[in-house]
Amino acid sequence: MSRTKVVPIPVMGRHNINAYLLLGRRPVIVDAGTPGSGRKILAQVVAHGVDPADVSLIVITHGHIDHFGSAAELHRLTGAPVAGHVADLGPYRSGRVREPYLPTGPMGRLMARNRKLHVQAEPVEPAVLIRGETSLEDFGVGARIMPTPGHTAGSVSVLTDAGDLVAGDLVAGSFMGLVPGKPANPPFHDDPRQNLASLRRVLALDPVALHVGHGTALDPDRVRRWADREHDRLARLEAGGRLPSRAG
């Protein structure tokens, strides 16, 4: 199978919210943006020479509204099944995220007041249920879905055979991608400790780049250095009893 190409699909701004198109023997879409973004995403998919009927799968990285908001719409537009982890079936089936959001810092506290994050998306029923590592060879791309819990219980990432990691919200570009190349936390994490463990686990696989939901692609070495600092920061918060976690 030919090398899988990872194509960013901007959903909001230039890089503020991203979906991705994986191009192999057949195309796969990763993430579905905010509610009402389906046709915008599909137009960019078509602009890359893809017939919507050829899309083999829509992978949702986690149950936040800026990632599964248009999954049901994209399913109707392409006919492709949706894949999601069983631990996030609640948000997918209800169209509502688990609340309250747990901010990772000042931006998260500000964004948690945004009414658009609290609307109900169209519910979606994943036909492909993820429980563990899942090959995408049968869907036409040399890649595998990997559970990477922490941001949400059902967060997943996609690692291609060429080493590109489509990382969802494991890590983000600083200020929702406004600072190119600088790693940061996304605005929210359900379990920051578990998320960091997931991030370090995939970094140990030596990815060549991390393609994130918010921002441009990140350099793995720079993310490793950031992860070391984040480990120390979380340890200080935990020691002071100031580390929020939905798991707790």
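The structure presented is a predicted model; accordingly, all values stated were derived computationally and were not measured.
Closest approach of Ser37 to Ala32, counting heavy atoms only: CB-O, 4.3 Å. Residues Pro244 and Pro192 come closest through the heavy atom pair O-CD, 3.3 Å. The two atoms that bring Val6 and Leu22 nearest to each other are CG2-CD2, 3.8 Å, heavy atoms only. Ser245 approaches Leu102 most closely through the heavy-atom pair C-CD1, 3.7 Å. The two residues Arg93 and Pro123 make their nearest non-hydrogen contact at O-CB, 3.2 Å. Closest approach of Gly38 to Ser70, counting heavy atoms only: N-OG, 3.3 Å.
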Using the side-chain contact (heavy atoms from CB on, under 4.5 Å) rule, take Val11 and Asn18 through it: C-alpha gap first, then chi angles, then the decisive distance, then the call. CA-CA 5 Å; Val11 178; Asn18 301 317; 5.9 Å; no
Before you tell me yes or no, could you show the steps for His211 and Asp164 under side chain to side chain donor-acceptor pair (under 3.5 Å), namely the whole-Å CA-CA distance, both residues' side-chain angles and the distance that decides it to 0.1 Å? CA-CA 7 Å; His211 305 272; Asp164 287 289; 2.8 Å; yes
Is there a salt bridge (charged side-chain N to carboxylate O under 4.0 Å, His left out) between Glu238 and Arg193? Walk through the geometry before answering. CA-CA 10 Å; Glu238 190 170 41; Arg193 279 288 202 186; 2.8 Å; yes
Taking it one step at a time, do Leu196 and Leu234 satisfy side-chain contact (heavy atoms from CB on, under 4.5 Å)? CA-CA 9 Å; Leu196 183 60; Leu234 293 180; 4.0 Å; yes
Between Asp232 and Arg236, is the side-chain contact (heavy atoms from CB on, under 4.5 Å) condition met? List the steps. CA-CA 6 Å; Asp232 295 342; Arg236 291 192 298 271; 3.9 Å; yes
Is there a side chain to side chain donor-acceptor pair (under 3.5 Å) between Asp66 and Thr34 once you walk through the steps? CA-CA 4 Å; Asp66 54 337; Thr34 50; over 6 Å; no
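A donor-acceptor contact shorter than 3.5 Å links the side chain of Asp88 to the backbone of Gly63. The main-chain N or O of Ile130 is never found under 3.5 Å from a side-chain atom of Thr134 such that the two would form a donor-acceptor pair. Proximity of a side-chain donor or acceptor of Asp54 to a complementary backbone N or O of Pro27 within less than 3.5 Å is not detected. Checking side-chain atoms of Arg246 against main-chain N and O of Asp191 turns up no donor-acceptor pair under 3.5 Å. Side-chain atoms of Tyr20 come within 3.5 Å of backbone atoms of Val212 as a donor-acceptor pair (strictly under, hydrogens ignored). With hydrogens and angles ignored, the 3.5 Å screen pairs no side-chain donor or acceptor of His214 with any backbone N or O of Gly173. Remark: side-chain polar atoms of Ser155 are not paired, donor with acceptor, to backbone N or O of Pro149 under 3.5 angstrom. Remark: side-chain polar atoms of Glu122 are not paired, donor with acceptor, to backbone N or O of Pro35 under 3.5 angstrom. Listed for the Asn114 side chain is a donor-acceptor partner under 3.5 Å among the backbone atoms of Lys116. In this structure, Tyr101 contributes its side chain and Leu117 its backbone to a donor-acceptor pair below 3.5 Å.
Residues Leu170 and Leu210 are not in side-chain contact: their nearest non-hydrogen atoms beyond the backbone lie 4.5 Å or more apart. In this structure, Pro10 and Gln44 have side chains that are in contact, with non-hydrogen atoms separated by less than 4.5 Å. Taking 4.5 Å as the limit, some side-chain heavy atom of Pro52 sits within range of a side-chain heavy atom of Val46. Taking 4.5 Å as the limit, every side-chain heavy atom of Leu159 sits out of range of all side-chain heavy atoms of Val202. Side-chain contact check for Ile29 versus Ile9: every heavy-atom pair is 4.5 Å or farther apart. Side-chain contact between Leu21 and Leu23: present, with at least one pair of heavy atoms (C-beta onward) separated by less than 4.5 Å. Side-chain contact between Leu205 and Met146 is present, with at least one heavy-atom pair separated by less than 4.5 Å. Using a 4.5 Å heavy-atom threshold, the side chains of Arg200 and His231 count as touching.
Judged as a side chain to side chain donor-acceptor pair (under 3.5 Å), and not counting sequence neighbours, Asp138 has no contacts. Partners of Arg224 according to the side chain to side chain donor-acceptor pair (under 3.5 Å) rule, which considers only residues two or more places apart in sequence or in another chain, are Asp206, Asp221. Scored by the side chain to side chain donor-acceptor pair (under 3.5 Å) test, Thr78 finds no partners at all (sequence neighbours excluded). Scanning for side chain to side chain contact (heavy atoms under 4.5 Å, CB included) contacts around Arg229 gives Arg225, Trp226, with sequence neighbours left out. For the side chain to side chain donor-acceptor pair (under 3.5 Å) test, no residue two or more places apart in sequence or in another chain qualifies with Arg96.
Within a 6.0 Å sphere centred on CZ of Arg233, other residues, nucleotides and ligands contribute more than 12 heavy atoms. For Met107, the CE atom is densely surrounded, since the number of other residues' heavy atoms within 6.0 Å is greater than 12.
Sorted by first and then second residue, the side chain to side chain donor-acceptor pair (under 3.5 Å) pairs with a member in residues 176-189 read His151-His189, Asn185-His189, Asn185-Glu230, His189-Asn195; sequence neighbours excluded.
Neither side chain, Asp190 nor Thr152, offers a donor N or O lying under 3.5 Å from an acceptor on the other. Donor-acceptor pairing under 3.5 Å is recorded for the side chains of Ser157 and Thr148.
Hydrophobic clustering (side-chain heavy atoms under 4.5 Å, transitive across Ile, Leu, Val, Met, Phe, Trp, Tyr) groups Met12 together with Ile65. Residues Val171 and Val158 fall into different hydrophobic clusters, defined by Ile, Leu, Val, Met, Phe, Trp and Tyr side chains chained together at heavy-atom separations under 4.5 Å. Hydrophobic cluster membership differs between Ile145 and Leu199, with clusters built from Ile, Leu, Val, Met, Phe, Trp and Tyr side chains linked at under 4.5 angstrom. Cluster annotation: Phe139 and Val156 are assigned to the same hydrophobic cluster (Ile/Leu/Val/Met/Phe/Trp/Tyr, side-chain heavy-atom contacts under 4.5 Å, transitive). Under the 4.5 Å side-chain heavy-atom criterion for grouping Ile, Leu, Val, Met, Phe, Trp and Tyr, Phe68 is connected to Val45 within one hydrophobic cluster.
Between the CG atom of Leu74 and the CZ atom of Arg39 there is a distance of 10.0 Å, given to the nearest 0.5 Å. Note that NE2 of His64 and CG of Asp31 are 12.0 Å apart. Values are rounded to the nearest 0.5 Å. Annotation: the span from Leu57 atom CG to Arg26 atom CZ amounts to 9.5 Å, rounded to 0.5 Å.
Ring geometry for His67 versus His62: interplanar angle of 30 to 60°, hence tilted.
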